Amino acid sequence: MDLTALEPHSGLLVAAVAADAVFGDPVYRWHPVRLIGGTLAAFEQLLRRGGFDGYGGGVALGGALAALWVGGLSVIVALAGMAHPLLPVVAHTVLLYTLLAFGDLLRHGAAVERAAASGDVVAARAAAARLVGRDADRMDGPACRRAAIESLAENLTDGFLAPLFWYALGGLPGIVLFKVVSTMDSMVGFKTERHLRFGWFGARADDIMNLVPARLTWILIAGAAAIIPGCSSGKAIHVGWRQHAVVPGPNSGWSEAAMAGAIQRLLVGPMWEDGRLVTETWLGHPSDPPAASHEDFKKAAVIGCVSAAMGSCLAAWACL
């Protein structure tokens with residue numbers, strides 16, 4: 001068993017990032033995240049049937065998923081060299097590529113922008129609904145654009161930079177563990193009666209694993225804004241620091257507030273969920289207007305791309 005096949009590798013990282021940028025997230029039946037989600041649902045059913053539907057059941061779920069997927073995929077890659085010397089390299093690169101998700105995020109955001117730019121509010125709402133959980137039927141074109149920008153900023157952390165961070169720190173086992181935790185948070189980490197205790201472990205583990213990457217994203221967005229015309233690095237730093245706690249959760253607010261400051265536009269604003277107004281709070285510098293135009297989305301997309309490129313270079317350097 002060749003455990004060195006699991007170690008972080010700068011060249012393979014660059015190849016995986018390039019593939020994600022060009023091709024986006026691949027869609028196929030055996031996608032690792034889809035498989036993790038399927039086994040999570042099966043394990044949850046078994047645990048609940050056995051009466052383990054509280055905190056202990058959530059911890060057991062996390063342990064079982066980590067053992068199966070972190071352990072299982074690690075063994076497969078480490079043993080692949082027995083079939084062919086190049087197979088571990090191929091398996092490592094393909095797995096890494098499938099666990100990054102920035103290219104698809106840009107494409108989904110662009111779909112919102114195209115519909116909004118053409119004046120097709122119905123299509124813009126449909127595209128925005130694939131990115132956010134709020135009531136899209138109340139959103140006009142500018143609100144759809146703001147939703148796309150907010151999703152881009154938030155997912156820049158947990159869809160791309162956080163996986164890179166854990167890959168650079170722990171190789172393939174590190175990024176697979178992050179995806180296991182992220183999947184748990186998205187599937188059971190809800191504050192509902194059914195999931196409040198059972199999903200607590202997944203939600204808190206996700207918070208911990210995104211803690212450092214979220215703050216690094218804040219800095220990277222500010223760094224990107226410093227070299228992009230019409231953007232403000234100072235506001236990205238200031239708004240990110242002062243308003244990160246406006247958004248629920250300990251992490252997502254850092255990148256969203258930084259993005260609002262960087263493009264010098266207000267984000268969020270009135271938001272409905274399940275027919276109920278949940279917030280009227282604006283995120284950003286009070287003197288800035290709400291994000292509403294094609295230029296606003298374009299600036300956010302460019303900042304996202306530059307931040308992702310900077311983060312990729314740092315991760316590749318850390319892998320050397």
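Keep in mind it's a predicted model, so treat the numbers as computed, not measured. The figures here come from the full heavy-atom set of this structure, side chains too, leaving out hydrogens, waters and symmetry mates.
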Step by step, work out the side-chain contact (heavy atoms from CB on, under 4.5 Å) result for L314 and L220.
CA-CA 10 Å; L314 286 174; L220 288 172; 4.0 Å; yes

Hey, what do you get for CG (L68) to CD1 (I36), rounding to the nearest 0.5 Å?
8.5 Å

Is there a path of hydrophobic side-chain contacts, each under 4.5 Å between heavy atoms, that joins W254 and L152?
no

How long is the span from the CG atom in D158 to the OG atom in S186, to the nearest 0.5 Å?
9.5 Å

Please examine the side chains of L283 and E150, heavy atoms only from C-beta on, and report whether any two atoms are closer than 4.5 Å.
no

Counting neighbours of CZ on R107 that are heavy atoms of other residues, nucleotides or ligands and sit closer than 6.0 Å, is the number greater than 12?
yes

On a heavy-atom basis, the closest approach of T217 and S255 is CG2-CB, 3.8 Å

Using the rule that two of Ile, Leu, Val, Met, Phe, Trp, Tyr join whenever any of their side-chain heavy atoms come within less than 4.5 Å, decide whether W218 and I228 are in one cluster.
no

Would you check if the side chain of Q243 reaches a backbone N or O of G284 as a donor-acceptor pair within less than 3.5 Å?
yes

M139 side chain near R134 side chain, heavy-atom distance below 4.5 Å
yes

Please check if V302 and L161 belong to a single hydrophobic cluster, counting links between Ile, Leu, Val, Met, Phe, Trp and Tyr side chain heavy atoms closer than 4.5 Å.
yes

Checking F297 against H294 for the ring-ring contact (aromatic ring centres under 6.0 Å, His included) test, could you report, in this order, the C-alpha distance in whole Å, the side-chain angles of both residues, the deciding distance, and whether it holds?
CA-CA 5 Å; F297 176 81; H294 168 72; 7.5 Å; no

Would you say V33 ends up clustered with L35 if hydrophobic residues are merged whenever their side chains have heavy atoms under 4.5 Å apart, either directly or through other cluster members?
yes

With clusters built from Ile, Leu, Val, Met, Phe, Trp and Tyr whose side-chain heavy atoms come within less than 4.5 Å, directly or transitively, what are the remaining members of the cluster of V22, listed by chain and number?
F23, Y97

Shortest non-hydrogen separation from D104 to G24 and the atoms involved
OD1-CA, 3.5 Å

Nearest 0.5 angstrom please: D2 CG to E7 CD, how far?
8.5 Å

Enumerate donor-acceptor pairs with a distance under 3.5 Å from any side-chain N or O in residues 264-273 to protein atoms, sequence neighbours excluded.
| from | atom 1 | to | atom 2 | distance (Å) |
| --- | --- | --- | --- | --- |
| Q264 | OE1 | K235 | NZ | 3.3 |
| Q264 | NE2 | G230 | O | 3.1 |
| R265 | NE | D296 | OD1 | 3.0 |

Pairwise side-chain contact, L99 with P163, heavy-atom cut-off 4.5 Å (strictly under)
no

F190 atom CZ, over 12 foreign heavy atoms within 6.0 Å
yes

Test your reading of the model: is there a side-chain donor-acceptor pair from S182 to the backbone of F178, 3.5 Å cut-off?
no

Could you tell me whether a side-chain N or O of R34 sits under 3.5 Å from a main-chain N or O of W30, the two making a donor and an acceptor?
no

Do M184 and D206 make a side-chain contact, defined as non-hydrogen atoms from C-beta onward lying under 4.5 Å apart?
no

For I237 and I219, run side-chain contact (heavy atoms from CB on, under 4.5 Å): C-alpha distance rounded to whole Å, both residues' side-chain angles, the deciding distance at 0.1 Å, then the answer.
CA-CA 7 Å; I237 290 289; I219 300 300; 4.1 Å; yes

Any side-chain heavy atom of P32 within less than 4.5 Å of one from V176?
no

Evaluate side-chain contact (heavy atoms from CB on, under 4.5 Å) for S252 paired with T157, printing each intermediate quantity in order.
CA-CA 8 Å; S252 60; T157 298; over 6 Å; no

Calculate, to the nearest 0.5 Å, the distance between atoms CG and CD1 belonging to N251 and I208 respectively.
10.0 Å

Distance check, rounded to the nearest 0.5 Å: L156 atom CG versus L106 atom CG?
9.0 Å

Residue pair S151 / V132: nearest heavy atoms and the distance that separates them:
CB-CG1, 4.3 Å

Contact summary for G240 and A257, nearest pair of heavy atoms
CA-CB, 3.8 Å

Yes or no on side-chain contact (heavy atoms from CB on, under 4.5 Å) for F198 and Y55, after CA distance, side-chain angles and deciding distance?
CA-CA 5 Å; F198 187 81; Y55 295 112; over 6 Å; no

Correct closest heavy-atom pair for S10 and L320 would be OG-CD2, 3.2 Å

Distance-minimising heavy-atom pair for V77 and A91
CG2-CB, 4.2 Å

Find out if a path of hydrophobic residues (ILVMFWY) with successive side-chain heavy-atom gaps under 4.5 Å connects V94 to L96.
no

Name each donor-acceptor pair under 3.5 Å that joins a side chain in residues 165-175 to protein atoms two or more places apart or in another chain, with its distance.
| from | atom 1 | to | atom 2 | distance (Å) |
| --- | --- | --- | --- | --- |
| W166 | NE1 | M209 | O | 2.7 |
| Y167 | OH | H9 | N | 2.8 |
| Y167 | OH | H92 | NE2 | 2.7 |

In Å, rounded to the nearest 0.5 Å, how long is the span from CG of L47 to CG of D53?
9.5 Å

